[in-house]
Amino acid sequence: MTKKTHPTPLLDELKSGPWPSFVDGLQRLADDGDKPSAIMMKDLMGQLEHSYETRTGYWKGGTVSVFGYGGGVIPRFSEVAEKFPESSEFHTLRVQPPAGMHYSTKLLRDMCDIWEEHGSGLIALHGQSGDIMFQGCTTEKVQPAFDDLNKIGLDMGGAGPALRTSMSCVGHARCEQSCYDEVRAHRQIINGLLDEMHRPALPYKFKFKFSGCPNDCVNAIHRADMAVIGTWRDDMQVDQEKVQEHVAKVGRKQMIDTVVAMCPTRALSLNDDDTLDVDNRSCVRCMHCINVMPKALSPGKDRGVTILMGGKRSLKIGDQMGTVIHPFLKLETDEDYETLVEFAEECIDFFAENALEHERIGETIDRIGLANFLEAMDVPVDPNMVNHPRTSSYVRTDDWDIEAAKWFEHKKAKAAAK
Amino acid sequence: MTKKTHPTPLLDELKSGPWPSFVDGLQRLADDGDKPSAIMMKDLMGQLEHSYETRTGYWKGGTVSVFGYGGGVIPRFSEVAEKFPESSEFHTLRVQPPAGMHYSTKLLRDMCDIWEEHGSGLIALHGQSGDIMFQGCTTEKVQPAFDDLNKIGLDMGGAGPALRTSMSCVGHARCEQSCYDEVRAHRQIINGLLDEMHRPALPYKFKFKFSGCPNDCVNAIHRADMAVIGTWRDDMQVDQEKVQEHVAKVGRKQMIDTVVAMCPTRALSLNDDDTLDVDNRSCVRCMHCINVMPKALSPGKDRGVTILMGGKRSLKIGDQMGTVIHPFLKLETDEDYETLVEFAEECIDFFAENALEHERIGETIDRIGLANFLEAMDVPVDPNMVNHPRTSSYVRTDDWDIEAAKWFEHKKAKAAAK
Amino acid sequence: MNKAEMPRRPDEHGVPDPFPYMHPTLRANYGNWDWHERPRPGVLHHVAKGGDEIWTVRAGTQRQMDVGTIRKLCELADEFADGFMRFTTRSNAEFMVTSADKTGPLIEKLNEAGFPVGGTGNSLSMISHTQGWLHCDIPGTDASGVVKSLMDELHHEFTHEEMPNRVRMTTSCCQINCGGQGDIAINVQYVKPPKINHDLVANVCERPAVVARCPVAAIRPAMVNGKPSLEVDEKKCICCGACYPPCPPMQINGPDSTKIAIWVGGKHSNARSKPTFHKLVAANLPNNPPRWPEVADIVKRILYAYKEDGRPWERLGEWIDRIGWPRFFEMTDLAFTKHQIDDWRGARSSLNASTHLHF
Amino acid sequence: MNKAEMPRRPDEHGVPDPFPYMHPTLRANYGNWDWHERPRPGVLHHVAKGGDEIWTVRAGTQRQMDVGTIRKLCELADEFADGFMRFTTRSNAEFMVTSADKTGPLIEKLNEAGFPVGGTGNSLSMISHTQGWLHCDIPGTDASGVVKSLMDELHHEFTHEEMPNRVRMTTSCCQINCGGQGDIAINVQYVKPPKINHDLVANVCERPAVVARCPVAAIRPAMVNGKPSLEVDEKKCICCGACYPPCPPMQINGPDSTKIAIWVGGKHSNARSKPTFHKLVAANLPNNPPRWPEVADIVKRILYAYKEDGRPWERLGEWIDRIGWPRFFEMTDLAFTKHQIDDWRGARSSLNASTHLHF
Ligand code: SRM
Ligand code: SRM
Ligand code: SRM
Ligand code: SRM
Ligand code: SF4
Ligand code: SF4
Ligand code: SF4
Ligand code: SF4
Ligand code: SF4
Ligand code: SF4
Ligand code: SF4
Ligand code: SF4
């Protein structure tokens with residue numbers, strides 16, 4: 001018998017209009033003969049239509065996983081299964097894409113074939129954390145689906161109180177602003193901590209995000225427990241002739257209004273000969289002028305990353321952005337990457353040992369105070385970590401001289417290192 | 001017998017150097033024969049030297065006042081009176097100067113004569129709150145001293161939990177930036193509330209400060225419970241020829257770097273003909289460009305004041321600046337000044353009734369929340385009161401539509417008023 | 001399957017190496033790009049230090065794609081892009097082609113196939129969104145549907161670069177806000193405390209954990225008609241919904257509770273101004289499927305005010321900082337209410353302690 | 001006086017009307033000034049809309065003046081300024097003269113009499129200060145002495161306009177900070193909890209009031225050797241001294257406790273940037289009368305770094321915002337310690353949530 005389709009007048013309204021319609025996609029799947037995926041999607045559409053009518057969601061969670069792993073599957077059981085039995089189980093597999101979300105058509109086609117066979121045929125590219133989301137699978141099919149995906153080289157992503165799937169910007173692969181090898185940092189850190197992703201045992205979720213420059217194309221500062229963002233320490237690179245070409249093209253007024261006057265720290269001034277006077281000491285590496293004139297300006301050559309920690313959404317204490325923990329870590333040699341990976345691991349260890357249940361690292365830092373966190377991680381305090389030193393006199397400073405000595409020590413060490 | 005002077009080797013070190021020395025002054029008073037003031041100052045210098053030696057203060061408070069008033073005197077009794085008996089009482093009278101701190105030499109000389117007769121001969125011009133401080137008087141002499149000062153037209157200032165002496169900038173008297181009559185506002189408000197100053201009955205101190213423009217030459221935002229600061233609502237006045245003269249004088253680069261690029265809201269742009277392109281909608285009335293070119297630029301003509309409340313130092317909750325309560329109150333007609341005075345009085349009433357003991361109004365507002373304070377004072381909310389609307393989703397908004405209606409009502413009313 | 005079999009041990013590949021899946025020209029010039037320009041909306045032209053060039057064509061997708069849609073994209077990638085493609089952080093498809101001539105035909109084919117080309121530079125890109133009724137266990141609304149209806153209306157802004165700077169919108173189907181911050185964010189905002197099914201609490205909820213989840217300590221354990229349950233102090237409750245995921249019997253959703261709020265001025269980049277949170281500009285909007293017209297109306301008012309009045313490179317929040325919030329509310333005809341005066345921790349820093357005013 | 005007499009009732013004049021005491025040219029042009037310039041340091045030239053002109057000569061004083069000093073100023077006001085003068089909010093004397101020619105001779109006489117002329121424009125003005133040992137009941141140090149020694153050393157900066165913008169320094173002789181905020185502030189900072197004389201507490205202190213005064217709730221009532229007294233939790237105590245004024249037996253001062261801290265970047269004006277609080281850059285300095293050399297040394301380092309590196313119109317804090325705090329600490333050779341990471345309420349907004357960095 002052919003499973004009959006439910007009428008979906010509300011969803012159907014979303015088929016019209018110029019933007020690609022997910023409903024068309026669902027329909028195509030549902031109409032695809034008697035395939036198991038088609039049968040499942042007929043009822044899925046029925047339930048979704050029901051949600052649109054009643055303005056209510058009908059999924060509840062549960063526990064489903066694959067052999068050897070604790071996480072990565074988001075189980076969904078229907079609360080209206082009696083009405084829509086074929087989509088009563090509609091689990092999602094979170095799978096990590098190649099860093100930077102690059103695909104060969106071969107890989108994409110294999111993914112489609114596997115998901116058509118075992119799942120609903122619905123794939124989200126990508127989830128907000130960066131996973132490939134294979135959406136819609138029965139409990140029974142989760143294992144075979146994963147096996148086949150795993151065989152073509154893909155691996156499960158994160159869910160629950162665990163290390164989460166990470167994201168890195170296109171960066172080195174196709175962007176002149178990129179200040180470090182995002183793919184390498186992304187893979188070395190995550191693949192070194194896979195156990196924390198596949199066998200959830202952390203107090204709560206932990207997310208890394210990698211952006212090649214301060215444009216932060218993966219929203220790392222807001223959305224990552226640890227943001228790794230490229231920057232540079234020396235002077236930016238300036239091609240004055242190209243600057244002059246730009247001024248000739250847009251005119252002085254436009255140049256002043258959109259570049260000079262928009263620099264957040266007044267580090268730029270237009271010389272009378274239309275060359276740019278860059279005060280690199282005052283430059284805060286915001287990227288703006290470089291963004292406006294990518295031909296004329298580029299980041300400097302002494303490159304590395306800034307580490308910020310504590311980004312998260314609002315649960316419990318309210319939204320937080322990450323704040324600076326390492327103003328600059330040089331990232332060039334193998335040793336440099338090793339140092340970064342080690343720091344990431346130490347942070348995970350600290351998190352595992354010190355965070356309360358369901359507490360993000362940003363909440364932990366907020367609770368114990370940044371200074372204490374830095375001490376625990378053996379990171380020296382640095383004025384780049386603050387917008388400005390304290391304005392409140394409510395502090396006890398009788399050990400000031402000891403603390404000051406540390407600063408001068410650290411300064412000497414840094415000078416020596418150079 | 002002539003009272004002998006104490007050796008003051010430490011204080012004597014403060015007699016050298018190019019800056020006028022208060023020690024020379026003390027010495028002159030102490031050396032002035034056998035006048036009571038001289039005798040008192042000999043011991044005062046002895047006690048002060050003793051403080052310099054031991055790095056300790058030796059005054060304690062008490063209660064001293066003049067007939068009819070509760071406040072204005074800061075009583076000081078020595079803890080080392082046995083060593084320095086003649087300065088065992090060293091009270092200060094806080095006396096309000098003419099608004100703007102203008103004096104005729106006659107007035108100053110009368111003050112000197114009175115204080116030489118009844119007090120120590122030491123006068124501070126002025127205290128941080130703006131009082132003339134007649135420093136150093138015995139309990140017995142406080143009344144006659146005040147009587148004589150009162151007879152020449154001076155009156156006691158504030159101390160204790162009371163309305164405090166106020167300050168207004170030179171403003172209208174000698175400043176082209178002044179946007180309202182500071183003297184009038186200052187005197188009408190304070191002189192209308194004298195009872196609160198002379199008979200301390202408020203929960204704690206309350207300070208007004210009056211600045212004629214946003215340069216805030218009396219530090220009102222940081223240091224006043226209510227800051228009254230001049231501003232304008234229409235476009236600033238520009239004399240383009242004088243702008244061109246300025247550019248001709250300093251050069252384009254300098255003009256751009258010190259004016260255009262320093263405008264906090266990019267409201268300025270330099271035209272190719274060296275005239276200034278002012279976007280008054282974006283201008284936040286910071287005064288900077290006007291300060292740089294006082295000949296070419298001036299505040300607009302539709303003038304009034306901004307009221308900020310809650311400035312104070314750090315006790316208990318930490319330092320606070322005043323924040324905007326009235327973005328703009330027109331200040332031109334008698335009625336306008338009346339409205340201002342009434343609002344000031346309402347605030348004092350609210351403070352008297354709702355503040356906890358030893359709580360500044362800023363602490364009260366912080367405790368009950370700005371929105372509730374505004375409601376209590378029947379002041380409509382205005383986006384100028386905030387740097388930006390809330391970023392936290394932690395708020396209950398089911399009465400949103402009712403609140404929104406108030407906004408649109410208020411908008412209509414304002415439009416109608418115009 | 002009924003025949004018992006020992007399940008397979010996973011190979012812990014971790015994050016796959018992208019190089020085998022990366023377009024050859026990108027691989028060859030990895031880390032060696034020199035500059036870029038945008039020949040037209042939806043197309044990026046990157047030039048490598050060595051002189052290699054690549055043209056990227058960006059096309060919008062529905063993110064939640066059926067295999068048919070993905071296979072269609074593959075066809076085009078095979079025909080024009082040497083069998084490779086990538087997806088952006090906003091679910092747009094990107095085809096890298098090795099000559100400018102290929103871009104035109106590719107764009108044509110994409111349009112034929114119903115994929116709008118754009119989302120680059122100072123345009124409105126795809127709205128980043130979340131799960132909603134399609135899959136989440138706690139949604140207040142749908143996600144894909146909201147996005148589809150809005151992108152239909154804002155299609156022109158995706159295919160044209162007419163904004164002062166890029167516009168990045170987000171939606172979230174509950175107050176948890178998986179969609180994150182945006183130039184314009186459309187998020188569920190609950191307006192009523194949870195309705196508790198006391199019969200279920202004891203069995204379903206780990207009560208101490210639920211109590212601990214409340215940001216304002218409004219939940220306390222209590223015995224309700226004989227059963228151990230939880231009680232909410234409705235005066236304290238700020239209706240955030242945080243107690244619902246760990247305790248489904250504390251139902252936060254409902255026609256009277258699930259409303260939609262609009263936020264503006266969120267920013268992630270560090271360009272010019274530091275990253276910022278978005279700010280509340282409208283709330284209590286109806287949750288009105290299938291096309292949420294009340295939401296679309298306000299979003300358009302905001303977007304077009306910005307389009308008309310913003311200056312080159314100003315992000316939406318930066319535009320408002322320049323012209324001031326009073327004018328923003330005036331131009332969009334939205335209301336400023338007491339609810340928009342922040343009162344959460346650190347809120348004092350959001351008050352205006354200056355005479356910097358906009359009239 | 002021994003003969004009994006009924007004391008006199010005060011005339012409640014309130015704030016005296018200034019017009020009788022105001023220089024005639026100021027009175028005549030009240031509210032009608034047009035522009036001003038500064039012909040030389042210490043002199044302002046104001047021109048009224050009607051064309052009237054006035055030259056103001058500004059001279060430094062010791063604020064705490066003996067009658068002799070004031071009478072000397074009166075002499076000069078009579079000779080040059082038509083018998084009128086005023087004082088600024090920073091205790092400088094101002095003489096208004098009606099012709100430019102008078103300024104030179106007046107300045108000469110002022111210098112002869114020991115009054116430095118300056119404090120205008122981009123100079124260092126008089127340090128605003130407080131009472132200290134001379135008169136206050138709770139001082140940790142002196143005020144007039146600190147100011148005298150500093151102004152001696154900084155005399156050149158008062159009489160010359162060589163700073164990027166005006167410099168406004170303040171001092172406070174205890175942590176209460178009557179001196180307020182400043183470009184550079186020199187304030188007492190206690191470093192030890194109060195030492196309690198338990199025998200006196202009961203008689204002298206209103207215990208609940210004292211408990212209520214503590215910002216960190218470190219004080220609790222307690223019985224100490226039989227007497228009702230107060231106890232301080234020394235782990236919590238941040239040594240602010242707030243309990244000392246209402247309860248003198250809780251002695252906060254002492255050679256081991258009374259230290260001096262230096263703060264920079266306070267600003268009151270709304271010009272360019274909004275008003276700001278000053279920030280802690282040095283602490284635990286000895287309270288070293290009569291000339292506090294350790295303090296003077298650091299103040300000069302800060303002032304001269306600013307003088308050398310600041311740009312026209314940049315206030316001290318604005319200069320640091322441009323060049324960055326790392327460079328500030330480098331140029332002044334001061335230390336940045338964990339104590340400078342704020343942890344008071346709202347402190348999170350002082351953390352750097354961006355990649356805006358100075359190298
Ligand atoms: C699937 C996804 C939305 C999407 O459609 O893209 C998603 C879906 C859920 N998120 Fe999320 N979050 C997703 C990215 C995010 C992000 C964005 C990011 O990672 O960059 C955030 C904001 C950043 C952050 O981590 O704070 C986010 C912040 C949350 C939070 C709030 C955490 C907080 O500390 O405030 C929760 C609630 C919780 O963790 O208890 C949450 C919880 C959830 C849950 C598990 C709801 C629940 O607690 O049961 C949702 C499961 C829906 C489902 O049925 O699949 N999700 N969630 C995203 C993950 C897909 C992927 O793996 O690629
Ligand atoms: C005399 C003066 C310093 C000076 O030499 O100029 C002064 C001296 C005292 N102040 Fe002050 N304050 C003086 C202006 C200020 C200012 C500046 C201002 O008014 O613009 C402030 C900062 C602004 C403010 O009001 O917060 C100020 C903030 C304080 C505070 C902290 C209040 C707070 O809420 O944080 C206290 C402590 C208190 O009130 O309990 C205080 C308390 C005191 C006491 C009464 C100490 C005490 O509690 O016993 C001092 C008496 C000293 C004496 O022996 O005369 N004084 N005090 C200033 C008043 C002179 C005048 O009337 O003109
Ligand atoms: C492809 C993508 C990275 C990826 O790994 O997928 C990307 C690619 C580029 N970004 Fe981005 N950005 C991408 C997401 C982002 C995001 C994150 C997001 O959209 O959620 C941001 C942060 C947005 C925010 O602040 O909220 C982002 C903020 C920027 C900026 C900063 C703009 C600003 O002034 O604030 C630049 C600079 C510029 O535009 O020149 C930038 C610049 C660029 C450049 C020009 C870099 C380059 O030289 O190649 C790339 C082309 C941009 C364009 O579309 O014209 N990219 N970019 C992402 C495309 C998303 C999309 O499909 O729309
Ligand atoms: C006389 C006095 C007012 C009074 O009623 O006594 C005064 C008078 C003038 N001030 Fe002021 N200011 C006076 C205290 C202040 C204060 C308060 C203070 O010093 O404690 C401030 C706030 C300082 C701060 O922000 O911490 C102040 C911030 C300004 C500014 C803003 C400067 C800036 O860029 O931040 C200007 C604008 C300017 O300099 O053109 C200004 C401008 C002026 C002008 C030019 C106004 C005018 O057009 O006449 C006056 C001459 C300034 C000069 O010295 O060159 N005045 N001015 C005060 C002199 C104090 C002194 O003896 O040094
Ligand atoms: S974050 Fe920087 S490096 Fe990465 S894609 Fe964006 S602009 Fe390029
Ligand atoms: S990168 Fe940013 S801060 Fe640096 S010069 Fe350019 S605009 Fe200014
Ligand atoms: S505050 Fe304004 S009006 Fe008053 S003196 Fe200063 S600059 Fe002039
Ligand atoms: S007053 Fe300030 S904000 Fe207004 S234009 Fe001048 S500099 Fe800009
Ligand atoms: S925003 Fe809320 S409803 Fe939407 S996916 Fe995230 S958790 Fe689920
Ligand atoms: S909705 Fe939020 S505030 Fe209300 S009880 Fe639940 S967790 Fe607490
Ligand atoms: S700062 Fe402290 S010691 Fe100095 S006068 Fe004010 S209260 Fe007294
Ligand atoms: S010194 Fe300050 S913190 Fe310590 S007990 Fe006294 S009031 Fe409390």
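Chain A is the first sequence line, chain B the second, and so forth, proteins listed ahead of strands; every chain is numbered from 1.
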A.B. asks: Who are the side chain to side chain donor-acceptor pair (under 3.5 Å) partners of C:Thr337, not counting sequence neighbours?
C.D. replies: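 By the side chain to side chain donor-acceptor pair (under 3.5 Å) rule, C:Thr337 matches C:Gln340.
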
A.B. asks: Among B:Ala405, B:Pro327, B:Cys283, single out the residue with the greatest number of heavy-atom pairs under 4.5 Å to chain C.
C.D. replies: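 Ranked by heavy-atom pairs under 4.5 Å with chain C, first place is B:Pro327.
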
A.B. asks: Closest heavy-atom contact between B:Arg396 and C:Cys237?
C.D. replies: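 So the minimum-distance heavy-atom pair works out to CD-O, 4.1 Å.
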
A.B. asks: Does anything in residues 383-395 of chain B reach chain C? List residues with heavy atoms under 4.5 Å apart, or say none.
C.D. replies: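 When heavy atoms of chain C are the reference, residues 383-395 of chain B contributes B:Pro383, B:Asn384, B:Met385, B:Val386, B:Asn387, B:His388, B:Pro389, B:Arg390, B:Thr391, B:Ser392, B:Ser393, B:Tyr394, B:Val395 within the under-4.5 Å range.
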
A.B. asks: Are the side chains of C:Gln189 and B:Thr397 in touch, meaning some heavy atoms are under 4.5 Å apart?
C.D. replies: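 Yes, their side chains come closer than 4.5 Å.
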
A.B. asks: Return the minimal non-hydrogen interatomic distance between B:Thr265 and C:Asp321, and the atom names on each side.
C.D. replies: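 Looking at all heavy atoms of both residues, the shortest contact is CG2-O, 4.0 Å.
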
A.B. asks: Does anything in residues 220-231 of chain B get under 4.5 Å of chain C by heavy atoms, and if so which residues?
C.D. replies: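 The residues closer than 4.5 Å to chain C, in numerical order, are B:Ile221, B:Ile229, B:Thr231.
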
A.B. asks: Do B:Trp400 and C:Leu280 touch side chain to side chain, with heavy atoms closer than 4.5 Å?
C.D. replies: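 A side-chain contact exists here, since the closest heavy-atom pair is under 4.5 Å.
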
A.B. asks: For C:Arg348, is it the side chain, the backbone, both or neither that has a heavy atom under 4.5 Å from a heavy atom of chain B?
C.D. replies: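 Contact with chain B is through the side chain of C:Arg348 alone.
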
A.B. asks: Within a strict 4.5 Å, meaning less than it, do heavy atoms of the C:His358 and B:Val284 side chains meet?
C.D. replies: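 Touching, per the 4.5 Å side-chain cut-off.
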
A.B. asks: Do C:Ile341 and B:Val381 have side-chain heavy atoms sitting under 4.5 Å apart?
C.D. replies: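 Yes, at least one pair of side-chain atoms sits under 4.5 Å.
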
A.B. asks: Please examine the side chains of C:Leu357 and B:Arg285, heavy atoms only from C-beta on, and report whether any two atoms are closer than 4.5 Å.
C.D. replies: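 No, their side chains stay 4.5 Å or more apart.
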
A.B. asks: Report yes if the side chains of C:Phe329 and B:Trp407 come closer than 4.5 Å at any heavy-atom pair, otherwise no.
C.D. replies: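 Of all side-chain heavy-atom pairs linking B:Trp407 with C:Phe329, at least one is under 4.5 Å.
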
A.B. asks: With a cut-off of 3.5 Å and sequence neighbours excluded, list every side-chain donor-acceptor pair involving residues 319-326 of chain B.
C.D. replies:
residue: B:Asp319; atom: OD2; partner: B:Arg313; partner atom: NE; Å: 2.4
residue: B:Asp319; atom: OD2; partner: B:Arg313; partner atom: NH2; Å: 2.8
residue: B:Gln320; atom: NE2; partner: B:Gly310; partner atom: O; Å: 3.4
residue: B:Gln320; atom: NE2; partner: B:Gly362; partner atom: O; Å: 3.4

A.B. asks: Between C:Arg345 and chain B, with a heavy-atom cut-off of 4.5 Å, which part of the residue counts as in contact: side chain, backbone, both or neither?
C.D. replies: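 It is neither, since no heavy atom gets under 4.5 Å.
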
A.B. asks: In terms of heavy-atom pairs under 4.5 Å with chain B, which of C:Leu334, C:Val281, C:Asn177 leads?
C.D. replies: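 Greatest number of close heavy-atom pairs with chain B: C:Leu334.
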
A.B. asks: Which region of C:Ser349, side chain (C-beta onward) or backbone (N, CA, C, O), has a non-hydrogen atom less than 4.5 Å from a non-hydrogen atom of chain B, or is it both or neither?
C.D. replies: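 Only the backbone of C:Ser349 comes within 4.5 Å of chain B.
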
A.B. asks: Could you give the distance from CG (B:Leu370) to CG (C:Asn352), rounded to the nearest 0.5 Å?
C.D. replies: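 So the gap between those two atoms works out to 11.0 Å.
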
A.B. asks: With only heavy atoms counted, which part of C:Asp333 is less than 4.5 Å from chain B, the side chain, the backbone, both or neither?
C.D. replies: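 For C:Asp333, heavy atoms of backbone and side chain both lie under 4.5 Å from chain B.
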
A.B. asks: Specify the closest pair of heavy atoms between C:Glu318 and B:Arg266, including all atoms of both residues, with the distance to one decimal.
C.D. replies: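 Nearest pair, atom of C:Glu318 first, then B:Arg266: O-NH2, 4.2 Å.
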
A.B. asks: OG1 of C:Thr355 to CG of B:Asn215: how many Å apart, nearest 0.5 Å?
C.D. replies: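 Atom-to-atom, C:Thr355:OG1 and B:Asn215:CG are 8.5 Å apart.
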
A.B. asks: Check whether B:Pro380 gets within reach of chain C through its side chain, its backbone, both or neither, counting any heavy atom under 4.5 Å.
C.D. replies: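 Neither; nothing under 4.5 Å.
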
A.B. asks: Which atoms of C:Ile320 are under 4.5 Å from chain B, going by heavy atoms: the side chain, the backbone, both sets, or neither?
C.D. replies: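 Nothing of C:Ile320, per the 4.5 Å heavy-atom cut-off to chain B.
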
A.B. asks: Thinking salt bridges, do C:Arg322 and B:Asp279 make one under a 4.0 Å N-O criterion?
C.D. replies: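 Looking at C:Arg322 and B:Asp279, the cut-off is met.
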
A.B. asks: With respect to chain B, which residue among C:Ala282, C:Ala242, C:Gly265, C:Gly346 yields the maximal number of heavy-atom pairs within a distance under 4.5 Å?
C.D. replies: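 Result: the option with the highest number of such pairs is C:Ala282.
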
A.B. asks: Which residue out of C:Lys192, C:Glu330, C:Arg327, C:Gln175 racks up the most heavy-atom pairs below 4.5 Å with chain B?
C.D. replies: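 Between C:Lys192, C:Glu330, C:Arg327, C:Gln175, the count favours C:Arg327.
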
A.B. asks: Could you check which of C:Gly324, C:Ala261, C:Ser354, C:Gly266 has the highest count of heavy-atom pairs closer than 4.5 Å to chain B?
C.D. replies: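 Most heavy-atom pairs within the cutoff with chain B belong to C:Ser354.
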
